[in-house]
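Everything numeric in this text was worked out from a predicted model, so none of it was measured.
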Amino acid sequence: PRLKPGETVLLLARNEVRASAAAQVTVRPAAPLKRFLEEAGVLVRHVDVETVSPEEMPALLQGVAAAVYASTTRVRPPEPELHTAAALASAAAGSGTPYAHVALWNPYTADRLGGPSLVSFGFRDLQARAVVDRLLGYS
């Protein structure tokens with residue numbers, strides 16, 4: 001999708017994930033993406049993928065110009081999350097809402113989902129800004 005300032009985008013992503021099982025450190029990979037979208041003037045409705053069901057996707061698309069699922073895990077997301085993401089892509093296609101998957105950390109999630117994917121190979125500020133620039137059509 002091509003996002004525009006003033007439009008609302010649904011960002012479906014986990015609020016936080018474990019950086020590694022050994023370190024027991026949690027990170028918030030979607031936070032920089034959300035911040036840079038908002039700084040660009042895009043209104044973001046962030047929904048934690050772990051708190052919704054696939055059946056809720058059509059209702060979540062109400063009033064948004066585009067939908068983005070951001071995969072944020074270092075390893076492959078669990079099947080229930082992938083199922084919810086696939087339901088978002090399907091609901092978006094059915095409603096004519098532009099959709100994209102943004103792989104913020106693990107590029108191999110892209111082959112598990114239908115629809116376009118943007119792979120950033122990271123979630124820090126540099127990568128998040130590049131993703132937003134691409135979604136806005138700046139690069």
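- Taking hydrophobic clusters as Ile, Leu, Val, Met, Phe, Trp and Tyr residues chained together by side-chain heavy-atom distances below 4.5 Å, Val42 shares a cluster with Leu118.
- The shortest non-hydrogen separation linking Gly63 to Thr8 is O-CB, 3.9 Å.
- Taking CG of Leu60 as the reference point, atom CG of Leu12 lies at 7.5 Å (rounded to 0.5 Å).
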- Task: Using the side-chain contact (heavy atoms from CB on, under 4.5 Å) rule, take Val131 and Leu33 through it: C-alpha gap first, then chi angles, then the decisive distance, then the call.
- Result: CA-CA 8 Å; Val131 166; Leu33 176 61; 3.7 Å; yes
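- Counting heavy atoms from C-beta on, the side chains of Leu61 and Leu88 come closer than 4.5 Å.
- In this structure the side chain of Val47 reaches within 4.5 angstrom of the side chain of Leu10, judged on heavy atoms.
- Taking CG of Asn15 as the reference point, atom NZ of Lys34 lies at 9.0 Å (rounded to 0.5 Å).
- Across all non-hydrogen atoms, the minimal contact from Glu56 to Val52 is OE2-CA, 3.3 Å.
- Between Pro1 and Ala100 the shortest heavy-atom distance is CD-CB, 3.3 Å.
- With hydrophobic clusters built from ILVMFWY side chains whose heavy atoms lie under 4.5 angstrom apart, Tyr138 shares a cluster with Val44.
- Using a cutoff of 4.0 Å between basic side-chain nitrogens and carboxylate oxygens, Arg112 and Glu79 are scored as salt-bridged.
- Here the closest non-hydrogen pair linking Pro98 and Ala65 is CD-O, 3.2 Å.
- Heavy-atom minimum distance, Pro54 versus Ala87: CB-CB, 3.6 Å.
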### Message
As a quick check of understanding, evaluate side-chain contact (heavy atoms from CB on, under 4.5 Å) for Leu113 and Thr109, giving each step before the final call.
### Response
CA-CA 7 Å; Leu113 297 168; Thr109 304; 4.2 Å; yes
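- Scanning for salt bridge (Lys or Arg N to Asp or Glu O under 4.0 Å) contacts around Asp133 gives an empty result, with sequence neighbours left out.
- Distance CG/Leu136 to CD/Glu7: 9.5 Å, rounded to 0.5 Å.
- Considering only heavy atoms from C-beta on, Arg2 comes within 4.5 Å of Arg134 through its side chain.
- Separating the CE atom in Met57 from the OH atom in Tyr99 is a distance of 11.0 Å, to the nearest 0.5 Å.
- At least one side-chain heavy atom of Pro77 sits less than 4.5 Å from a side-chain heavy atom of Tyr69.
- The structure places OG of Ser53 at 9.0 Å from NE2 of His83, a figure rounded to the nearest 0.5 Å.
- Note: the hydrophobic cluster containing Val64 does not contain Val9 (ILVMFWY, side chain heavy atoms under 4.5 Å, direct or indirect links).
- Across all their heavy atoms, Thr97 and Ala66 have their closest contact at CG2-CA, 3.7 Å.
- Side chain to side chain, Thr84 and Glu81 fail the donor-acceptor criterion of an N or O pair below 3.5 Å.
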Walk me through it: do His101 and Ser71 pass the test side-chain hydrogen bond (donor to acceptor under 3.5 Å, both in side chains)? CA-CA 7 Å; His101 163 231; Ser71 57; 2.8 Å; yes
- Taking it one step at a time, do Leu11 and Arg45 satisfy side-chain contact (heavy atoms from CB on, under 4.5 Å)? CA-CA 6 Å; Leu11 174 61; Arg45 184 187 312 160; over 6 Å; no
Where do Leu37 and Leu3 land on the side-chain contact (heavy atoms from CB on, under 4.5 Å) test, with the steps shown first?
CA-CA 9 Å; Leu37 283 168; Leu3 305 181; 3.7 Å; yes
